[in-house]
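Single-structure report; data block below.
Each chain gets a letter, A, B and so on, in the order the sequences are listed, and its residues count up from 1.
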Amino acid sequence: MIHLLLQILVDGFAISAIYALGAAGFTIIFGVSGVLNLSHGAVMVVGAIVAWYMATHVHVGVYLGSLIGILSSVVVSYLLYWLVIRPIDRSRRIAAEEKEVFILTTTLLVGIIIQGILDYIFGSNPVTTPPIAAGVQNFMGVTITNNELLIGIIAWVVLGGLWFFINKTRTGKALLAASMSPTGLALMGYEIQRVHNLLWGLYGLLAGFAGVLLASFLGANAEIAGTLTASAFSIVVLGGLGSVPGSLVAAYIIGYLGTITAYLVSPAYTELPGLFVLVLILYVRPQGLFGRL
Amino acid sequence: MTQMLRSPKLWLPLVAVAVLAVFPHFMGYYFLGVLTVAYYFAVYAMSWDLLFGYSGEVNFGPTFLVGLGAYGAALLNTNTALPLWLCVVGGTATAVVGGLLLAGPALRLRGPYFGLVTLVSVLILSKFITIFAGVTGGEIGLALPNVLSISSSGNYYWALGFMVVSGVVMTVIANSNIGLILEASGQDPTETEALGFSVTKFKLLAFILSSLFSGIAGAMTVFYLGTASPGTVVALTVTIQIIIATVLGGRRSIAGSIIGAVFLIVAGEILRPLGQLSTAVVAALALLVLLFYPDGFFGVLARVAGGRR
């Protein structure tokens, strides 16, 4: 019994950390520019699949391969911003109150396009990158692979770096300020375009990291993009849109609920409890756990 | 009266329907089959547009309503001896009840929050279908003992007739005060309330209407296909196709939904040799239309027609 509990604690830790990373990017984008990026899962999967391809077919090694994977997510993120989000933002032909709807629909389409292309080139079989660390640890009768442990640690280091960047550096603080009042920031003489450049780069990095770690832990294929977007969306809404600490807590709630269900009931039901909790929270507290209305 | 007859708004749809009605006389069964699917799809798109285009609610769960209609009817048909039309009624009733359940949070939530709840409703429905595979047939689907018609032209006329009736009813609703108030509440709910209209009441009405038509369409689709499966009436990919069809054709126009749906289904057939890439190509096309012609095909047509006059 205690053995099972520990196993759940350990497995849930790594997967929730990956969820948290992905959701952090998603929520920052929303917090600063109000964009709900429905191609989020696809941006993650690009990183995952490129990392896998580089590591196993181009033989550049897992580390360099993962780096290239992350960079490709950044490239996709910038393409998304410059080719889709920015033109819509600046369009005069789309009424202001309809922009949100346009951004939702177009990012959804971008997700489908990326997914279709990846599917076409790499096939739909799930791919797993080689582990970034070999060996296992035994802890009170529970076996933990070093890979899983390292994935959890990397995810938390990146999240820590994100916290430090946003709260302690001047550039990061500009991002925080933009999420509170873009007009105020512009009045202070700060170029808003720089905020956007930074924002989408940061987003690509976070999504790329999450994707690459996912490819190493569970494996990835183009088909899971939709599920990834849905889970990031749920986590972010559960935690409160725009709140990074909220999405961390929510990632752990959803991650552990899923792991517990998978172990105690059946892996087929993994997503259900999370979805029900989400609907319940939205009924009782529509702004999420940590959100402001 | 002569003024009305001269207006292309009146005679163009009539001519179009007349042309579509003679198709079975010189088209093969394959082409008729494609169009039949497209016509049902057009009704999904119209019902979605009623909620989204007019009242501004981003509903990511049209297939929740369509799927409830489809599976409600399919389960009645396989488990009871009820006549086919009663199964359609039963399926529609299921969809309307589902729509009311969904409307609960919709009246409290707005924007992304509402979108998420509707998205989740589809995920939960498709999970339930897989989990209760013993009753629902799971991923493979449920084969039905009855169908609407065994001839391709019979099916074609059922679909065309249904699409025309739904189109007329929804056009009347959209052009009535109800449509205007819905549009107003989508643009500025506070001001609409201030003018004395209950936004809640009208949104609830929009929900009921949308689920009514989605439900009938879903039920009729499974009686055309002879099977109900998550891949055709519930999956998120179907939701996305409905959204693409509506936006491509042009929002806030019934004709736009029809044009968009027919384009989407026919393009899907033409691009079939491309395999997995075909979805990406259709999505890319839709993206380009959205970026360069935000009003969709129908918007472009209307502008061309307007320019000539």
> Taking all non-hydrogen atoms of both residues, which atom of Tyr120(A) and which atom of Leu274(B) are closest, and how far apart?
Replying inline: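 Looking at all heavy atoms of both residues, the closest pair is CE1-O, 4.1 Å.
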> Looking at Leu123(B) and Ala230(A), what are the two nearest heavy atoms and their distance?
Replying inline: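 Looking at all heavy atoms of both residues, the shortest contact is CD1-CB, 3.9 Å.
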Pairwise distance [atom1]([X]) to [atom2]([Y]) - rounded to 0.5 angstrom:
{"X": "Leu272(A)", "Y": "Phe128(B)", "atom1": "CG", "atom2": "CZ", "answer": "6.0 Å"}
{"X": "Ile112(A)", "Y": "Thr237(B)", "atom1": "CD1", "atom2": "OG1", "answer": "8.0 Å"}
{"X": "Ile103(A)", "Y": "Leu290(B)", "atom1": "CD1", "atom2": "CG", "answer": "11.5 Å"}

>> Counting heavy-atom pairs closer than 4.5 Å to chain A, which one of Ile240(B), Thr130(B), Ile243(B), Val282(B) comes out on top?
In response: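 Top count of heavy-atom pairs under 4.5 Å with chain A: Ile240(B).
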> If you count heavy-atom pairs under 4.5 Å with chain A, which of Ile124(B), Val247(B), Thr279(B) comes out on top?
Replying inline: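 Highest number of heavy-atom pairs under 4.5 Å: Ile124(B).
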Tell me, side chain or backbone of [X] under 4.5 Å from chain B's heavy atoms, or both, or neither?
{"X": "Leu108(A)", "result": "side chain"}
{"X": "Leu83(A)", "result": "backbone"}
{"X": "Ile281(A)", "result": "neither"}

Within a 6.0 Å radius of atom [atom1] on [X], are there more than 12 heavy atoms belonging to other residues, nucleotides or ligands?
{"X": "Phe30(A)", "atom1": "CZ", "result": "yes"}
{"X": "Arg93(A)", "atom1": "CZ", "result": "yes"}
{"X": "Glu193(B)", "atom1": "CD", "result": "yes"}

>> I need the residue from Val84(A), Leu36(A), Asp119(A) with the largest number of non-hydrogen atom pairs under 4.5 Å to chain B.
In response: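 It is Asp119(A).
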>> Let's test your reading of the structure: which of Gly226(A), Pro87(A), Gly116(A) forms the most heavy-atom pairs below 4.5 Å with chain B?
In response: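 So the answer, after comparing Gly226(A), Pro87(A), Gly116(A), is Gly116(A).
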> Using non-hydrogen atoms only, which part of Leu287(B) is less than 4.5 Å away from chain A: side chain, backbone, both, or neither?
Replying inline: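 Contact with chain A: backbone and side chain both.
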> In terms of heavy-atom proximity below 4.5 Å to chain A, should Tyr293(B) be classed as side chain, backbone, both, or neither?
Replying inline: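 Contact with chain A involves both backbone and side-chain atoms of Tyr293(B).
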>> Between Phe102(A) and Leu291(B), is there a side-chain heavy-atom distance shorter than 4.5 Å?
In response: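 No, too far: nothing below the 4.5 Å cut-off.
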> Would a 4.5 Å heavy-atom cut-off, applied to side chains only, mark Phe276(A) and Val120(B) as touching?
Replying inline: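 A side-chain contact is absent here, since even the closest heavy-atom pair is not under 4.5 Å.
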